[in-house]
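Taking it in order: structure first as structure tokens, then the write-up.
A, B, ... follow the sequence lines: proteins, then strands. Residue 1 opens every chain. Note that the structure is predicted; figures quoted are calculated from it, not measured.
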Amino acid sequence: MTPNNLIIGFVPLLDCATLVAAVEKGFMAQEGLEVTLVRETSWANIRDRIVVGHFDAAQMLGPMTLASSLGIGHLTVPMVAPISLGLGGNAITVGAALWTQMKEHGAQLNGDPASQGQALKKVVMQRAEQDTPPLTFGMVYPFSCHNYELRYWLSASGIDPDHDVQLVVIPPPLLVDALREGQVDGFCVGEPWNSLAVEAGVGTIVATTNQIWRLSPEKVLGCRADWVKQHPQQTAGLIRAIYRAAQWCDQPENHAALATMLAKPRYIGAPVDVLQRALSCRLRLTSNSNPVDIPEFFVMHRQLATFPWASHALWFYSQMVRWKQCEYSQAALDVVRSTYRPDLYRSALLMIDESIPKTDYKTERAVQGRYVANDNKSGLTLSPEGFFDGRVFEPVDVEGYIKAFG
Amino acid sequence: MSDSSIRILIVDQNVTRAAVLEDGLREAGHTNVVVVRDMQNLLKRIVDAEPDVIFIDLENPNRDVLEQMFQVSRTVQRPIAMFVDKSDAGMTEAAVNAGVSTYVVDGLKKERIHSILELTISRFKAFNQLRTELDKTKQQLEERKLVDRAKGILMKERGMNEEQAYALLRKAAMNENLKLAQVAQSVITASKLLK
């Protein structure tokens with residue numbers, strides 16, 4: 001194998017889109033990279049195969065790269081995330097029985113996450129009073145955005161995710177059946193699995209995660225830190241190819257072609273129309289309803305979607321500590337900061353994009369606020385972003401942020 | 001070295017491979033072996049089995065379910081951790097290459113399970129090799145059937161004997177730079193179209 005023949009692992013989820021397009025539309029070849037994409041069945045496999053060198057890079061859950069760098073739950077293998085594979089794309093779906101109960105307590109189709117959460121809280125309380133077993137929610141991996149987003153929403157709604165409900169890991173391809181068979185009452189997962197539950201008539205989408213945290217981070221390209229060090233040119237090539245692919249993917253006129261590409265069995269293997277809807281930020285929330293627009297449900301390039309904000313890594317870490325997956329320490333903060341690498345992103349794209357922020361950190365405000373990237377010469381304004389419950393995340397005070405949760 | 005007190009759990013949807021591994025472990029004197037094939041309520045079943053060592057195949061999407069155990073292990077009695085550590089990079093690689101992943105209860109001495117791990121890796125390897133060979137044999141058989149059918153067509157349509165028909169197929173394959181089976185398939189398809 002020459003160093004320009006790369007093997008990249010991916011998982012059949014909507015946000016493998018930029019990787020697939022980078023290969024299929026020739027953006028990798030443009031960088032002189034011959035890339036083979038290998039589909040994987042579990043996140044654990046992605047991690048292990050990166051660790052032993054089967055994969056040069058992989059689509060990874062953002063928090064997974066941190067867990068690996070920190071050595072939580074597995075070997076300590078320093079990872080690097082030099083580019084993000086998009087923002088958002090996840091949703092919370094509940095089964096028919098729970099949806100009926102939530103509606104009895106005021107939940108509405110396409111309601112805001114705060115009132116949906118209040119309705120769920122009432123169901124949870126009622127079940128506790130009646131001594132019914134607690135509700136079970138599925139998510140995909142302990143170190144996942146889905147785990148933290150689901151917990152954030154539950155907790156902000158007054159539901160203790162460790163005591164009032166039960167959280168279990170279920171692989172995405174098994175979630176629809178788990179919901180149908182009542183093994184779980186709901187789940188938080190990336191597309192197309194929410195839509196597939198809706199299409200199968202077994203689920204209703206009650207919240208999308210961009211409604212919980214607007215422009216929230218998701219997958220990244222993950223590589224071993226020593227691989228990046230030994231392959232600076234390939235790393236820069238990957239960043240540029242994925243950046244250009246993301247640009248192509250984000251154009252509405254390309255969504256049909258992209259959906260057709262992703263629908264192939266060797267990639268996601270889901271119906272074209274379901275994929276195309278999600279790419280176009282439209283979702284059918286319950287069976288037989290008309291699809292609705294969910295602005296910025298899944299963003300691949302706009303809004304600096306590919307920029308690997310170090311502050312995103314810090315937020316993930318704050319949740320790892322909050323939910324007792326690890327202890328807080330200054331040393332860990334440094335490891336987290338050095339895993340997300342906006343510097344690599346910047347140097348690879350220096351001549352291509354002038355609007356790249358010069359800062360690595362941004363404050364995640366309450367959703368009412370407006371954020372303008374500081375130090376940004378192009379004066380690019382980002383949409384209002386942040387958390388639905390009005391909390392503000394200041395990356396300079398991670399410890400204070402964690403403590404404020406109590 | 002065998003240690004019959006060690007409780008071993010095998011999670012594998014491939015019934016034959018699980019049986020091959022189970023037999024191997026029993027032969028080596030490990031009598032405490034449980035095999036889980038049904039993936040329903042995996043977590044509960046594992047907690048109930050109280051294993052010291054867990055083996056799971058890498059094709060199994062339920063690996064991620066297992067990994068959650070390390071996170072919830074504070075609530076179960078016996079914490080479970082990944083066997084591998086820095087000193088065992090070679091062993092991890094051997095296991096991943098063989099297509100199996102290993103988890104071991106925290107605190108269990110590595111020496112005690114070293115032989116179990118080695119045995120598992122070699123059984124997995126042997127099984128996978130066997131499967132590759134079987135696939136190859138099956139494919140060869142399929143190809144031979146195609147060639148036989150194509151020969152039959154040529155013999156009937158062009159009045160050739162078997163040897164001549166075979167020679168013609170081979171010549172066409174060499175000229176077109178194709179596999180014999182591919183040419184045979186073309187002959188079969190063409191003859192169907194011409195019917």
I'd like to verify something: which residue of V51(A), D162(A), V168(A) has the highest number of heavy-atom pairs under 4.5 Å with chain B?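 Highest number of pairs under 4.5 Å: V168(A).
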
key: Winner by heavy-atom pair count (cut-off under 4.5 Å) against chain B, out of E40(A), H54(A), R49(A)   =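 Between E40(A), H54(A), R49(A), the count favours H54(A).
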
Can you tell me if [X] has over 12 outside heavy atoms packed within less than 6.0 Å of its [atom1]?
{"X": "R149(B)", "atom1": "CZ", "result": "no"}
{"X": "Q230(A)", "atom1": "CD", "result": "yes"}
{"X": "K171(B)", "atom1": "NZ", "result": "no"}
{"X": "N177(B)", "atom1": "CG", "result": "no"}
{"X": "R170(B)", "atom1": "CZ", "result": "no"}
{"X": "Q164(B)", "atom1": "CD", "result": "yes"}

What part of M139(A) is in contact with chain B, defined as an atom under 4.5 angstrom from a non-hydrogen atom: side chain, backbone, both or neither?
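Just the side chain, heavy atoms under 4.5 Å.
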
Practice item. Examine whether an atom of V140(A) lies under 4.5 Å from a heavy atom of chain B, and if so say whether it belongs to the side chain, the backbone or both; otherwise answer neither. Key: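 Backbone of V140(A) only, per the 4.5 Å heavy-atom cut-off to chain B.
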
For P171(A) against P61(B), the heavy-atom pair lying closest together
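Smallest heavy-atom distance, with atoms named: CG-O, 3.2 Å.
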
Specify the closest pair of heavy atoms between R63(B) and D48(A), including all atoms of both residues, with the distance to one decimal.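 So the minimum-distance heavy-atom pair works out to NH2-OD2, 2.7 Å.
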
> Per the side chain to side chain contact (heavy atoms under 4.5 Å, CB included) rule, which among D64(B), N60(B), L58(B) passes with N45(A)?
Replying inline: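 Answer to the side chain to side chain contact (heavy atoms under 4.5 Å, CB included) test with N45(A) among D64(B), N60(B), L58(B): L58(B).
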
